2 protein chains.
Amino acid sequence: MQDALIRKLESFEELIDADREALRALVSRVRKVPARSDLIREGDVPSDVHLILSGYACRYKILPDGQRQIMAYFVPGDFCDLNVFILDQMDHNIGTISPCHAVEIPRQAIEEIMANHPRVTRALMWCALVDEAVLREWLVNLGSRPSDQRIAHLFCELYLRLEAVGHVNDNSYLFPFTQNEVADTMGLSDEHVNRTLRELRRLELITLKHRVLTIMDVEQLKAYCGFNPNYLHLRNARWSGRRQVPWLNSVQGE
Amino acid sequence: MQDALIRKLESFEELIDADREALRALVSRVRKVPARSDLIREGDVPSDVHLILSGYACRYKILPDGQRQIMAYFVPGDFCDLNVFILDQMDHNIGTISPCHAVEIPRQAIEEIMANHPRVTRALMWCALVDEAVLREWLVNLGSRPSDQRIAHLFCELYLRLEAVGHVNDNSYLFPFTQNEVADTMGLSDEHVNRTLRELRRLELITLKHRVLTIMDVEQLKAYCGFNPNYLHLRNARWSGRRQVPWLNSVQGE
DNA sequence: CGGAAGATTGATCATGATCAATGACAGTGG
DNA sequence: CCACTGTCATTGATCATGATCAATCTTCCG
């Protein structure tokens, strides 16, 4: 269970046994957290870092009108707030989606590991930067893609992220999000998410039942939404898709 | 001109003269960059960090279909890629909006300052975290706000960020973005941006001509879009607006 | 003055939101 | 074991925000 993190870090950086030991030592106070509860809330003063060992969580905000926006998904091996704890107070919430095993790692433990394990430090910084790159890609998703590609893109991303920690089997992974949660992630209405999922099923791109998502043909789904994995900065996967000449004034046409 | 950075950092952390000296020393190789040109491109291997001294720049991606999504604005005193340079290759572009003075700071110079100036280091980390918080808020903006509030929110944010570096006078600041650029930022069409701006003008919330934006009444504009400045983590401004009880299933009503 | 980029306006279209039921299903208590 | 309840998914009908298409109009600049 606790190897998700190590596995992820190793997809960024070679580690030695001592590194792995140190990482395993971080995982002491494991907390079992029920589904749909907050790990930390807006306004709280952060002290510890949260690491997800099992289950899914998310980062979200609630607007004054009650509207929720989910800004990140966390899967096993993910830190929820590796650096945020430097700030004065949380400007958002972190809550579980499914029941989770989570660890609260004191800031000091992180600093210690950073002082003594340069490879781990590099890998952790890499993680933080990838998280930010993911956030940027989500912005692109909301700003530039129609609803079907938007959702397909999310599925592709989760596929690669979960694969990196060994949580994909037979092109399938656990997808415990309700349609309402997907809607609040993608800036869509519940009903529209429902219809869009139906459409993706009809096109035989995916299957989704009993909280298990199966991607019938990964390459096809990637092509469907123009998925470019470069933002995940995995050591393996590089892109093979079309490339566009950059510069201003959105060149029309395909 | 080069004091924007120092001024910004001081809004996060007290600095001493030696800190200020060290920061000023960073600004050697100043480059004059024309409007609408790239500082760095997707695929490039990053080495230096870019700091904007004057002018405006942005972070953007071009999708395979030519669609551009702008993901961040940079104003004087902003680093474009304080940490990104750790990554293997750029997954996005950084380009100027108006003519800019920019500095390319070698990674080593940053590392040196971090080794010797703890207050500056803290302030820089703070900057990086605020940049990320801004990115999150932009996601909320695209995901959850209608077009008029979305644009109003952008105006409020820029107002506070520019004020922090002394670039606001008489409730006005330079706004050199074309409507096309605003559109590609907000995930809207050019025409709709145009109509939305007209509406904001009609409501006498703003004035925008000759590339100068004037906010008639800042508090009113904030109220209009439900602006909560907490995500900017400025030492002064704290929020006075309504607060919502967190937890799932978007509580309806006002 | 001429040309190009950007802004503006109008007409029409369509994606996705909203409103309103209904269905499926899991968990709970009798 | 089964009715009861609440949550989540599904479907249909209608609405509206914002996109698209097509002209101008303005402004800026060489």
Side-chain angles (χ1 to χ4, degrees), chain A residues 34-37 63 65-69 97-99 141-152 175-202 206-213 225 247-254, chain B residues 34-37 63 65-70 97-99 141-152 175-202 206-213 225 247-253:
Chain A
R36 267 128 256 242
S37 53
L63 297 195
D65 66 353
Q67 180 68 237
R68 173 180 58 172
Q69 178 66 45
I97 294 290
S98 62
N141 222 9
L142 292 202
S144 305
R145 281 190 262 260
S147 62
D148 52 349
Q149 293 180 35
R150 209 183 284 186
I151 293 180
F175 190 84
F177 303 90
T178 65
Q179 294 183 355
N180 175 285
E181 285 156 352
V182 175
D184 285 352
T185 306
M186 303 309 243
L188 299 168
S189 69
D190 299 8
E191 297 89 335
H192 197 66
V193 167
N194 184 288
R195 284 184 249 264
T196 305
L197 289 175
R198 183 215 288 163
E199 177 66 9
L200 292 177
R201 265 188 293 244
R202 193 187 63 76
I206 62 156
T207 274
L208 174 53
K209 55 179 177 237
H210 309 308
R211 320 262 106 149
V212 172
L213 181 84
C225 61
W247 204 228
L248 289 169
N249 297 327
S250 339
V251 185
Q252 267 330 320
E254 102 119 0
Chain B
R36 268 131 255 244
S37 53
L63 297 196
D65 67 351
Q67 181 68 236
R68 173 180 57 173
Q69 178 67 45
I70 295 178
I97 294 291
S98 62
N141 220 10
L142 292 202
S144 303
R145 281 189 262 261
S147 61
D148 51 349
Q149 292 179 36
R150 209 183 284 185
I151 293 180
F175 191 83
F177 302 90
T178 64
Q179 293 184 356
N180 175 283
E181 285 157 351
V182 175
D184 285 353
T185 306
M186 303 310 244
L188 299 169
S189 69
D190 300 7
E191 297 88 336
H192 197 66
V193 167
N194 184 290
R195 284 184 248 264
T196 305
L197 289 175
R198 184 216 286 164
E199 177 67 6
L200 293 178
R201 265 188 291 243
R202 193 187 63 74
I206 62 156
T207 275
L208 175 53
K209 55 178 174 236
H210 308 309
R211 320 260 104 147
V212 172
L213 181 85
C225 61
W247 205 230
L248 288 168
N249 297 328
S250 339
V251 185
Q252 267 330 322

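Not measured: the values here are computed from a predicted model. Chain naming here is simple, since letters A, B, ... match the order of the sequence lines and numbering starts at 1 in each.
Here C/dT8 presents its P atom at 15 Å from NE2 of B/His192, a figure rounded to the nearest Å. If you take CD of B/Gln179 and C1' of D/dG18, they are 15 Å apart, rounded to a whole angstrom. Separating the CZ atom of B/Arg202 from the P atom of C/dT8 is a distance of 16 Å, rounded to the nearest angstrom. In this entry the distance linking CG of A/Asn180 with C1' of C/dA17 reads 14 Å, nearest Å.
Distance from the side chain of B/Ser189 is smallest for D/dA19 among the nucleotides D/dA19, D/dT10, C/dT8.
At the heavy-atom level, A/Thr178 lies under 4.0 Å from the strands shown only through sugar-phosphate atoms.
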So which protein nitrogen or oxygen atoms get under 3.5 Å of nucleotides 22-28 of chain C's nitrogens or oxygens?
none

Scan nucleotides 10-12 of chain C against the protein and return all N/O pairs shorter than 3.5 Å with their distances rounded to 0.1 Å.
| residue | atom | partner | partner atom | Å |
| --- | --- | --- | --- | --- |
| C/dG10 | N7 | B/Arg195 | NH1 | 3.0 |
| C/dG10 | O6 | B/Arg195 | NH2 | 3.2 |
| C/dA11 | N6 | B/Arg195 | NH2 | 3.3 |

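A sub-4.0 Å separation between OP1 or OP2 of D/dT10 and a side-chain N or O of A/Asn194 is present. The side chain of B/Arg145 places no N or O atom within less than 4.0 Å of a non-bridging phosphate oxygen (OP1 or OP2) of D/dG18. Listed pair B/Arg211 / D/dC28 fails the phosphate criterion, with no side-chain N or O lying under 4.0 Å from OP1 or OP2.
At least one side-chain heavy atom of B/Thr178 sits under 4.5 Å from a side-chain heavy atom of B/Arg36. Between A/Val182 and A/Phe175, some side-chain heavy-atom pair lies under the 4.5 Å cut-off.
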